[in-house]
Undergrad: 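To start, I am sharing the structure in question, which I have written as structure tokens.
Below, read A as the first sequence line, B as the second, and so on, with proteins coming before strands; counting in each chain starts at 1.
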There are 2 protein chains.
Amino acid sequence: MILVTIAQASAITGVSAKMIRHYESIELIKTPLRTENRYRHYSEAELHELGFIRRSRDLGFSFEDIRQLLSLWRDKARSSAEVKAIALRHVKELDEKAAALEAMSRTLKRLAATCHGDDRPDCPILDALNPPETAAFQCDP
Amino acid sequence: MILVTIAQASAITGVSAKMIRHYESIELIKTPLRTENRYRHYSEAELHELGFIRRSRDLGFSFEDIRQLLSLWRDKARSSAEVKAIALRHVKELDEKAAALEAMSRTLKRLAATCHGDDRPDCPILDALNPPETAAFQCDP
DNA sequence: ATATGGGTCTCCCATCATGGGAAGGTCAAG
DNA sequence: CTTGACCTTCCCATGATGGGAGACCCATAT
């Protein structure tokens, strides 16, 4: 059985030692072996779990998603449909977030395109941020 | 001078009362008039600032950006170039974030496309999350 | 007058993923 | 035996937002 310290595990998996301890505290991974000096030591299987988590994070999965993915991964009798469902749900979230960011970007690009960008103070960007809409509350007689 | 309570200001500007107080605490806006019972009361100008902040948030600007935008907005001698620079820098950030999300989405879509999504356990998504790369640490003699 | 319901105040805590840093224990090499 | 590089736990911070407690304040209905 190969056992490595937390710094080595970090170097191997690309997960910071800080985060490895954190994953343990939120019970995403089990507490590893501790030597009598309380140092953590990780087995190859645990390194694989850490690598799994890092790649899942790279794909933007939340810890809750990862918790489920890990559980499916460990379960040899899983159905691939469950994994796919999680993945596709996440794809939907990613697409929605990307679309929201792009909508903001488009709006701003459009505003910036009509802004002189010189020494003069008038600016369509500021105008857009301050439409007279707020005046709606003004008492109409 | 029209003065409204914090709940009314919230309804008018679309900023929650919680957030209005928060903006005050981080000195994004000045402390409004307080009546002797310590209730906050907002003038029309302050409502416009709150609306300005909300629209800036809608476009994804950070509080630090908004701090600068507000200051430029108040400054009648501003140059539109400064506003435009902030906007374009933000556009770049938005585009980068969107591209990152899309890259994740693309990867996941590709993986999901090759996953049966049935009762069988084998799943290319899980395989991708667990490549044997981690084995790099295994002692070679 | 008083009870009731609703608005407001401040203060603390939670989120999500991550990192910084302090204070102290452990170990190997010089 | 010192030095430096690890390791431990614990607390705090980020950014934007919300929840909730406990204590006021006020207007309207009884």
Undergrad: Considering just the side-chain nitrogens and oxygens of A/Ser62, establish if one lies under 4.0 Å of OP1 or OP2 belonging to C/dC16.
TA: no
Undergrad: Nearest heavy atom decides the nucleotide; on that basis, is B/Tyr23 or A/Thr5 closer to the 5' end of DNA chain D?
TA: A/Thr5
Undergrad: Look at A/Lys76 together with B/Asp122 and state whether they make a salt bridge at an N to O cut-off of under 4.0 Å.
TA: no
Undergrad: Calculate the interatomic distance between B/Arg40 atom CZ and D/dC24 atom P; express it in whole Å.
TA: 17 Å
Undergrad: Does D/dC26 have OP1 or OP2 under 4.0 Å away from a side-chain N or O of B/Asn37?
TA: yes
Undergrad: Without decimals, in angstroms, what is the distance between B/Phe61 CZ and D/dG15 C1'?
TA: 17 Å
Undergrad: Nearest-Å distance, CZ (B/Arg34) to P (C/dC9)?
TA: 6 Å
Undergrad: Between A/Lys84 and B/Asp118, is there a side-chain N and carboxylate O pair less than 4.0 Å apart?
TA: no
Undergrad: Can a side chain N or O of A/Arg54 be found less than 4.0 Å away from OP1 or OP2 on C/dT18?
TA: no
Undergrad: Inspect the contact between A/Glu49 and A/Arg74 and indicate whether a charged nitrogen and a carboxylate oxygen are less than 4.0 angstrom apart.
TA: yes
Undergrad: Whole angstroms only, please: what is the CG-C1' distance between A/Leu3 and D/dC7?
TA: 16 Å
Undergrad: Rounded to the Å, how far apart are A/Glu64 CD and C/dA14 P?
TA: 17 Å
Undergrad: A/Arg21 near the nucleic acid: base, sugar-phosphate alone, or nothing, with a heavy-atom cut-off under 4.0 Å?
TA: base
Undergrad: Begin from the C-alpha positions of A/Thr5 and A/Tyr39 and carry the test side chain to side chain contact (heavy atoms under 4.5 Å, CB included) through to its verdict.
TA: CA-CA 7 Å; A/Thr5 66; A/Tyr39 284 18; 5.6 Å; no
Undergrad: Mind calculating the distance between CD (B/Glu36) and P (C/dT8) to the nearest angstrom?
TA: 15 Å
Undergrad: Mind calculating the distance between NE2 (B/His22) and P (C/dC13) to the nearest angstrom?
TA: 17 Å
Undergrad: Specify the separation, in whole Å, of atom NZ of A/Lys18 and atom P of D/dC6.
TA: 16 Å
Undergrad: Under 4.0 Å from OP1 or OP2 of C/dG19: is there any side-chain N or O of A/Ser16 that close?
TA: yes
Undergrad: Just N and O in the side chain of B/Arg38: are any of them under 4.0 Å from OP1 or OP2 of D/dC26?
TA: no
Undergrad: Side chains of A/Arg40 and A/Glu24: closer than 4.5 Å at any heavy-atom pair?
TA: yes
